[in-house]
> 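Take this structure first; my questions come after.
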Amino acid sequence: MKKSVFLGTLSLAALAAGITQAATLDDVKARGTLNCGVSTGVNGFSAPDAQGVWQGFDVSICRAVAAAVLKDPMKVNFVSTTGQTRFTALASGEVDILARNTTWTLSRDADLKFTFIGVNYYDGQGFMVKKDLGVTSAKELEGATVCIQTGTTTELNLADFFKANNLKYEPVPVETNAEAQQQYLAGACDVYTTDASGLAATRGGFADAANHIILPEIISKEPLGPLVRQGDDQWADIGRWVLNALIGAEEYGITAANIDEMAKGTENPEINRLLGKEGELGAMLGLDNDWAIHAIKAVGNYGELFEATIGEQTPIGLARGLNAQWTQGGLLYAPPFR
């Protein structure tokens with residue numbers, strides 16, 4: 001879900017500029033809690049469980065940051081945001097980090113004054129339909145009604161795709177994923193379009209998931225990742241390197257189960273530096289040297305996290321695809337820890 005950056009740009013930038021941003025780490029430590037902006041509920045990515053505890057792939061990024069900074073992954077206050085409210089929540093200081101399926105774009109980075117700290121999921125916009133609609137390609141959707149979240153770049157992507165293929169459609173505006181799901185299941189629209197991962201997450205919650213198909217066309221690039229306000233390089237570095245630690249841990253074979261043993265020292269200097277056995281990487285970030293140990297123990301390495309929340313054995317059922325390690329044909333690549 002990707003909010004338009006053409007409305008409210010100046011006001012958001014002004015909000016961000018008006019906040020003292022150089023001490024987010026100190027603020028989080030003094031508060032004793034990390035404020036994390038998440039979605040209103042996307043299965044597998046960010047949603048409260050039956051006990052009201054937030055769980056999911058995006059949620060775990062904030063838990064890992066809290067573990068690195070506060071040594072406790074549960075010291076997170078989750079703030080639900082919509083596609084319309086998420087950027088204001090971050091710019092105003094209501095949240096310290098936004099981790100909710102948000103696409104990294106130039107205008108969000110430069111014009112809205114945000115800093116993306118990496119990509120935690122490479123995605124693209126897709127289409128979901130009921131099997132009984134009888135279509136197997138998005139190019140067969142002439143005259144379809146399409147549920148689409150307002151204030152998102154999916155609107156422009158949708159318009160461009162239908163125009164390029166000389167097709168007509170009728171948009172059915174919705175504000176949240178829950179509303180889109182309700183309208184789609186009620187038959188108010190033939191098609192639901194959003195990021196393909198979001199479609200899989202939505203379908204995973206259906207009682208009759210097998211009766212819904214995600215069409216093969218992917219019509220955009222959507223690199224999704226966490227972001228912070230510009231102006232606090234230390235805080236951005238912390239978030240960036242926590243994410244890199246999870247990615248690097250998978251490449252180096254570090255897991256939540258073996259990390260204590262590996263932290264005693266290995267023959268690989270890169271692992272030793274990451275886990276604080278050698279060097280002073282923690283001090284460079286303003287953290288203790290065991291920061292990565294706490295982060296990885298809290299949520300597992302990237303692969304463990306992926307498989308536990310959205311992988312092929314979960315109701316979401318996502319394959320690694322582009323989100324595999326670079327050594328396995330994917331795009332995931334952690335810079336060196338040195």
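No experiment lies behind these values; they were computed from the predicted model shown.
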> For side chain to side chain contact (heavy atoms under 4.5 Å, CB included), just list the numbers for Leu98 and Thr81, CA-CA rounded to whole Å, side-chain angles, deciding distance to a tenth of an Å, and then say yes or no.
CA-CA 9 Å; Leu98 189 62; Thr81 64; 4.0 Å; yes

> Side-chain donor-acceptor pair under 3.5 Å between Glu222 and Asn157, yes or no?
yes

> Between Tyr192 and Phe127, does a ring pair (Phe, Tyr, Trp, His ring centres under 6.0 Å) hold up when you go through it step by step?
CA-CA 6 Å; Tyr192 178 32; Phe127 301 91; over 10 Å; no

> Please check if Val79 and Ile117 belong to a single hydrophobic cluster, counting links between Ile, Leu, Val, Met, Phe, Trp and Tyr side chain heavy atoms closer than 4.5 Å.
yes

> Would you say that Arg108 contacts Thr103 through its side chain, given a criterion of any heavy-atom pair below 4.5 Å between the two side chains?
yes

> State, yes or no, whether a side-chain contact exists between Leu141 and Val129 at a heavy-atom distance under 4.5 Å.
yes

> Between Arg203 and His212, is there a donor-acceptor pair closer than 3.5 Å when you use the side chain of the first and the backbone of the second?
yes

> I'd like to know if the side chain of Asp72 and the backbone of Met74 have a donor-acceptor N/O pair within less than 3.5 Å.
yes

> Begin from the C-alpha positions of Asn272 and Thr266 and carry the test side-chain hydrogen bond (donor to acceptor under 3.5 Å, both in side chains) through to its verdict.
CA-CA 6 Å; Asn272 294 342; Thr266 73; 3.1 Å; yes

> According to the interplanar angle, ranging from 0 to 90°, do the rings of Trp241 and Phe337 count as parallel (below 30°), tilted (30 to 60°) or perpendicular (above 60°)?
perpendicular

> I'd like to know if the side chain of Ser137 pairs up with that of Glu217 as donor and acceptor (distance under 3.5 Å, no hydrogens or angles considered).
yes

> What pairs with Asp96 under side-chain hydrogen bond (donor to acceptor under 3.5 Å, both in side chains), at least two apart in sequence or on another chain?
Arg31

> Look at Lys71 together with Asp288 and state whether they make a salt bridge at an N to O cut-off of under 4.0 Å.
yes

> Determine the interplanar angle of the Trp326 and Tyr333 rings, folded into 0 to 90°, and report it as parallel if under 30°, tilted if 30 to 60°, perpendicular if over 60°.
tilted

> If we count only N and O atoms by modelled type, under 3.5 Å, do the side chains of Asp58 and Asn120 hold a donor and an acceptor together?
yes

> Less than 3.5 Å apart, any donor N or O on the side chain of Thr40 or Thr176 sitting next to an acceptor on the other?
no

> Who passes side-chain hydrogen bond (donor to acceptor under 3.5 Å, both in side chains) against Gln328, sequence neighbours left out?
none

> Within a strict 4.5 Å, meaning less than it, do heavy atoms of the Ile61 and Leu246 side chains meet?
yes

> For side chain to side chain contact (heavy atoms under 4.5 Å, CB included), just list the numbers for Leu25 and Leu287, CA-CA rounded to whole Å, side-chain angles, deciding distance to a tenth of an Å, and then say yes or no.
CA-CA 9 Å; Leu25 175 60; Leu287 303 176; 4.2 Å; yes

> When you measure from the side chain of Glu304 to the backbone of Asn301, do you find a donor-acceptor pair of N or O atoms at a distance under 3.5 Å?
yes

> Does any part of the side chain of Leu227, heavy atoms only, come nearer than 4.5 Å to the side chain of Ile97, both counted from C-beta?
no

> Answer yes if the side chains of Thr33 and Asn77 hold a donor-acceptor pair under 3.5 Å, and no otherwise.
no

> Applying side-chain hydrogen bond (donor to acceptor under 3.5 Å, both in side chains), run through Thr202 and Asn177 and close with a yes or a no.
CA-CA 8 Å; Thr202 299; Asn177 186 67; 3.1 Å; yes

> Are any of the side-chain heavy atoms of Pro223 and Asp123 separated by less than 4.5 Å?
no

> Would you say Leu305 and Thr309 make side-chain contact, with heavy atoms under 4.5 Å?
yes

> Please evaluate residues Gln125 and Thr193 with respect to the criterion side-chain hydrogen bond (donor to acceptor under 3.5 Å, both in side chains), reporting the C-alpha separation (whole Å), side-chain torsions for both, the decisive distance (0.1 Å), and the verdict.
CA-CA 7 Å; Gln125 185 175 335; Thr193 184; 2.9 Å; yes

> Kindly work out whether a path of hydrophobic side-chain contacts (I/L/V/M/F/W/Y, heavy atoms less than 4.5 Å apart) joins Val146 to Met128.
no

> Taking side-chain hydrogen bond (donor to acceptor under 3.5 Å, both in side chains) as the definition, give me every residue that meets it alongside Asn244, ordered by chain and number, with sequence neighbours left out.
none

> What I want to check is whether the side chains of Ser92 and Glu94 have a donor and an acceptor closer together than 3.5 Å.
no

> Quick check with a 6.0 Å cut-off and a 45 degree axis cone: is Lys130 positioned over the face of Tyr184's six-membered ring?
yes

> Do the side chains of Ile219 and Leu224 join up, straight or via other hydrophobic residues, at under 4.5 Å, putting them in one cluster?
no

> Under 3.5 Å, is there a donor-acceptor pair linking the side chains of Arg229 and Thr115?
no

> Has the side chain of Asp208 got a donor or acceptor atom that lies under 3.5 Å from a matching backbone atom of Asn211?
no

> When the side chains of residues 160-175 are checked against the rest of the protein, which donor-acceptor pairs come out under 3.5 Å, sequence neighbours left out?
unit_1 : atom_1 : unit_2 : atom_2 : d
Asn165 : ND2    : Phe161 : O      : 2.8

> Under 4.0 Å between a Lys/Arg side-chain N and an Asp/Glu carboxylate O for Arg320 and Glu250?
yes

> Could Lys297 and Asp260 be called an ion pair, given the rule that one side-chain N must be under 4.0 Å from one carboxylate O?
yes

> For Gln55, which residues count as a side-chain hydrogen bond (donor to acceptor under 3.5 Å, both in side chains) partner, sequence neighbours excluded?
Asp49

> Under a single-linkage definition using a 4.5 Å side-chain heavy-atom cutoff for Ile, Leu, Val, Met, Phe, Trp and Tyr, are Leu199 and Leu133 assigned to the same hydrophobic cluster?
no

> Keeping to residues at least two apart or across chains, list the ring-ring contact (aromatic ring centres under 6.0 Å, His included) pairs with something in residues 250-300.
none

> Do you know the tightest heavy-atom contact between Ala210 and Lys131?
O-CE, 3.1 Å

> Show your reasoning for whether side chain to side chain contact (heavy atoms under 4.5 Å, CB included) applies to Phe45 and Arg100.
CA-CA 8 Å; Phe45 285 86; Arg100 56 153 341 271; over 6 Å; no

> Go through the steps to decide whether Met284 and Asp237 satisfy the test side chain to side chain contact (heavy atoms under 4.5 Å, CB included), and finish with yes or no.
CA-CA 10 Å; Met284 297 178 190; Asp237 283 343; over 6 Å; no

> For residues Val69 and Leu34, determine if any side-chain heavy atom of one lies less than 4.5 Å from a side-chain heavy atom of the other.
no

> Kindly work out whether a path of hydrophobic side-chain contacts (I/L/V/M/F/W/Y, heavy atoms less than 4.5 Å apart) joins Leu185 to Leu215.
no

> Within the 4.5 Å heavy-atom criterion, are Thr102 and Arg86 side-chain neighbours or not?
yes

